[in-house]
Amino acid sequence: MAPTIANKPLLTDLVAQTGQVPLSHVRPVGDRPDLASVDNDSGAGIPLIDLKKLNGPERRQVVEAIGRACESDGFFMVTNHGIPAGVVEGMLRVAREFFHLPESERLKCYSDDPKKAIRLSTSFNVRTEKVSNWRDFLRLHCYPLESFVDQWPSNPPSFRQVVGTYATEARALALRLLEAISESLGLERSHMVAAMGKHAQHMAVNYYPPCPQPELTYGLPGHKDPNAITLLLQDGVSGLQVQRGDRWVAVNPVPGALVINIGDQMQVCFVLKLLPFALLVVKDYRNLLLLAGHADEQICRRRRLTSSNNILQALSNDRYKSVLHRVIVNSESERISVPTFYCPSPDAVIEPADVLVDGDAHPVAYRPFTYQEYYDEFWNMGLQSASCLDQFRPG
């Protein structure tokens with residue numbers, strides 16, 4: 001019988017007292033990871049994109065590769081991303097140092113309130129979930145940096161400086177990627193960045209301790225991210241898996257690479273709301289170029305934007321979708337990962353553009369909502385549902 005241990009709010013300290021998975025973390029039989037059926041060999045099929053030429057004469061080829069990855073996979077890896085190796089190594093080092101601090105020191109940051117901007121907690125949302133996940137995490141809001149950094153942990157002593165540097169570098173990369181994704185859709189480079197209002201950024205410093213029975217639980221079950229784009233830094237230990245069809249595929253770490261994935265807001269808003277020609281019917285790609293102010297005719301020719309119906313197809317929320325992913329654990333090694341979530345500002349209104357609404361043929365897919373409203377629903381639902389987008393459909 002799996003033990004139940006009270007008075008240890010963090011998984012790390014609970015695990016230290018038992019050689020088994022506590023009952024609170026054991027998944028029902030029909031909801032356990034089938035580790036034997038995971039495709040551990042096809043992870044190399046996740047696109048690997050070199051960003052070195054993103055700012056040069058071969059930018060278009062890199063933009064096209066990013067667009068194909070967003071359309072077909074929703075996940076891709078990037079190398080030569082511009083974040084210095086020393087900054088990456090420092091982030092992983094202080095993350096590990098933090099989770100190795102004494103329990104009394106770590107608990108200074110503990111809270112089970114998901115609305116707190118800075119908090120150490122466990123699982124996902126212990127207030128609402130029925131089964132806990134095999135994870136402790138430190139949630140840090142980090143943009144604007146000066147608004148939050150003084151609330152971050154002060155131990156390890158270098159934590160604020162090291163993490164602040166990484167957060168600044170990650171934000172710069174997120175903006176570059178959003179510009180490229182915008183271009184890949186045939187939009188102006190600045191469209192998506194402008195769509196996000198004042199912007200928001202936060203990260204989760206995840207710690208997955210070794211699990212004595214990894215077949216009984218998840219680090220995180222299958223879910224989609226609620227934000228616009230996620231940049232994942234992970235140490236050398238595998239754990240991330242992406243759903244492809246009916247299979248789970250391991251996304252094994254690649255030295256020097258970051259994993260990028262598309263969130264729900266990219267699916268709903270950014271390819272919908274910001275078209276500057278929202279009330280117009282465009283029947284010729286040259287008119288589209290004039291209306292959108294886009295100088296690259298080849299993008300529009302390649303996408304064959306020759307009628308309003310094709311515009312709806314190319315720039316709809318079905319174009320780039322967020323993808324189910326999960327985290328599994330292992331019995332041998334601890335694992336550190338640091339996802340950076342880049343988001344619209346809380347008051348940004350998410351709604352379809354008028355050009356995508358055409359009576360019965362193309363009804364409104366989602367009612368207008370603010371990002372704060374969506375984010376609150378995401379935390380309330382927890383990971384019991386892969387995505388909460390359906391909560392925002394009309395009627």
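The shown structure was predicted, so the numbers you read here are calculated from the model rather than taken from an experiment.
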Query - All pairs passing side-chain hydrogen bond (donor to acceptor under 3.5 Å, both in side chains) where residues 83-102 contributes a residue, at least two apart - result: R96-D235, R96-E334, H100-E334

Report summary line: Nearest heavy-atom approach of Y208 to G219 is CE2-CA, 3.7 Å

Report task. Using atom types as modelled and distance alone, determine if a side-chain donor or acceptor of S182 lies under 3.5 Å from a backbone N or O of L178. Result -> no

Query - Spatial distance of atom CD1 (I260) from atom CD1 (I66) [nearest 0.5 Å] - result: 9.0 Å

Report summary line: Heavy-atom nearest pair, W248 first then G222, reads CH2-CA, 4.1 Å

Query raised in the report: Among the clusters formed by ILVMFWY side chains lying less than 4.5 Å apart, do L35 and W134 turn up in the same one?
Result: no

Query raised in the report: Can you name the side-chain contact (heavy atoms from CB on, under 4.5 Å) partners of V259, sequence neighbours left out?
Result: F75, M77, L232, Q234, L240, V251

Requested in this report: Could you go through the side-chain contact (heavy atoms from CB on, under 4.5 Å) check for Q372 and D347 one step at a time?
Outcome: CA-CA 6 Å; Q372 184 65 60; D347 59 352; over 6 Å; no

Query raised in the report: Do L258 and L173 come close enough that some side-chain heavy atom pair is under 4.5 Å?
Result: yes

Report task. First locate atom CG of L48, then atom OG1 of T79, and finally report the distance between them rounded to the nearest 0.5 Å. Result -> 5.0 Å

Query raised in the report: Is there a donor-acceptor pair under 3.5 Å between the side chain of S132 and the backbone N or O of S123?
Result: no

Report task. Say whether, by atom type as modelled, one donor and one acceptor occur between the side chain of R189 and the main chain of E179 under 3.5 angstrom. Result -> no

Query raised in the report: Which heavy atom in I49 sits nearest to a heavy atom in A69, and how many Å separate them?
Result: CD1-CB, 4.2 Å

Query raised in the report: Are the side chains of V131 and Y218 in touch, meaning some heavy atoms are under 4.5 Å apart?
Result: no

Requested in this report: Please examine the side chains of I328 and P214, heavy atoms only from C-beta on, and report whether any two atoms are closer than 4.5 Å.
Outcome: no

Query raised in the report: Counting distance only, does the side-chain N/O of N40 pair as donor-acceptor with the main-chain N or O of A250 below 3.5 Å?
Result: no

Requested in this report: Among N261, N206, L233, L231, find the one that has a side-chain contact (heavy atoms from CB on, under 4.5 Å) with P339.
Outcome: N206

**Report entry** Any side-chain heavy-atom pair of K224 and L324 under 4.5 Å
**Finding:** yes

Report task. With side-chain contact (heavy atoms from CB on, under 4.5 Å) as the test, would you mind laying out the steps for H25 and L11 before giving the verdict? Result -> CA-CA 10 Å; H25 290 68; L11 173 66; 3.6 Å; yes

Requested in this report: Please report the C-alpha distance between F137 and T122 in whole Å, then the side-chain angles of each, then the deciding distance to 0.1 Å, and finally whether the side-chain contact (heavy atoms from CB on, under 4.5 Å) criterion is met.
Outcome: CA-CA 6 Å; F137 66 94; T122 192; 5.7 Å; no

Query raised in the report: Looking only at heavy atoms, which two atoms of K52 and D50 are closest? And how far apart?
Result: N-OD1, 2.9 Å

Report summary line: Output for pair (R160 CZ, T165 OG1), nearest 0.5 Å, gives 14.0 Å

Report task. For Q213 and V21, indicate whether the former's side chain and the latter's backbone hold a donor-acceptor pair under 3.5 Å. Result -> yes

Query raised in the report: Does I118 offer a backbone N or O that forms a donor-acceptor pair with the side chain of R139 under 3.5 Å?
Result: no

Report task. Would you please name every residue forming a ring pair (Phe, Tyr, Trp, His ring centres under 6.0 Å) with F341, sequence neighbours left out? Result -> H202

Report task. Would you check if F98 and C109 make a side-chain contact, meaning some heavy-atom pair closer than 4.5 Å? Result -> yes

Requested in this report: Could you tell me whether the side chain of R176 and the main chain of H81 form a donor-acceptor pair under 3.5 Å?
Outcome: yes

Requested in this report: Apply side-chain contact (heavy atoms from CB on, under 4.5 Å) to Q201 and list each qualifying residue two or more places apart in sequence or on a separate chain.
Outcome: C142, Y143, A167, A170, R171, T340, Y342

Report task. Give the C-alpha distance, both sets of side-chain angles, the deciding distance and a yes or no for side-chain contact (heavy atoms from CB on, under 4.5 Å) between V323 and D73. Result -> CA-CA 8 Å; V323 175; D73 293 274; over 6 Å; no

Query raised in the report: With side chains defined as the heavy atoms from C-beta onward, is the minimum distance between M203 and Y166 less than 4.5 Å?
Result: yes

Query raised in the report: Is there side-chain contact between L220 and H325, with at least one heavy-atom pair below 4.5 Å?
Result: no

Report summary line: Distance col, row K108:NZ vs L101:CG, nearest 0.5 angstrom, shows 9.5 Å

Requested in this report: To the nearest 0.5 angstrom, please state how far the CG atom of L14 sits from the NZ atom of K8.
Outcome: 8.5 Å

Requested in this report: Might you point out which heavy atoms bring R244 and P47 nearest each other, and give the distance in Å?
Outcome: NH2-CD, 4.3 Å

Pairs of donor and acceptor atoms involving the side chains of residues 144-156, under 3.5 Å and at least two apart or interchain, shall be tabulated with distances.
{"unit_1": "Q151", "atom_1": "NE2", "unit_2": "S147", "atom_2": "O", "d": "3.1"}
{"unit_1": "W152", "atom_1": "NE1", "unit_2": "H141", "atom_2": "O", "d": "3.2"}
{"unit_1": "N155", "atom_1": "ND2", "unit_2": "E105", "atom_2": "OE2", "d": "3.4"}

Query raised in the report: Out of curiosity, T230 OG1 to L177 CG, how far, rounded to the nearest 0.5 Å?
Result: 11.5 Å

Report summary line: Heavy atoms of S158 and V94 approach each other most closely as OG-CG1, 3.6 Å

Query raised in the report: Is there a donor-acceptor pair under 3.5 Å between the side chain of R335 and the backbone N or O of V237?
Result: yes

Query raised in the report: Among all residues two or more places apart in sequence or in another chain, which pass the side chain to side chain donor-acceptor pair (under 3.5 Å) test with N330?
Result: none

Report task. Go through D13 and R106 one step at a time and tell me if the salt bridge (charged side-chain N to carboxylate O under 4.0 Å, His left out) criterion holds. Result -> CA-CA 10 Å; D13 307 308; R106 283 179 284 113; 2.6 Å; yes

Report task. Using a 4.5 Å cut-off on heavy atoms from C-beta on, say whether the side chain of P33 contacts that of R326. Result -> yes

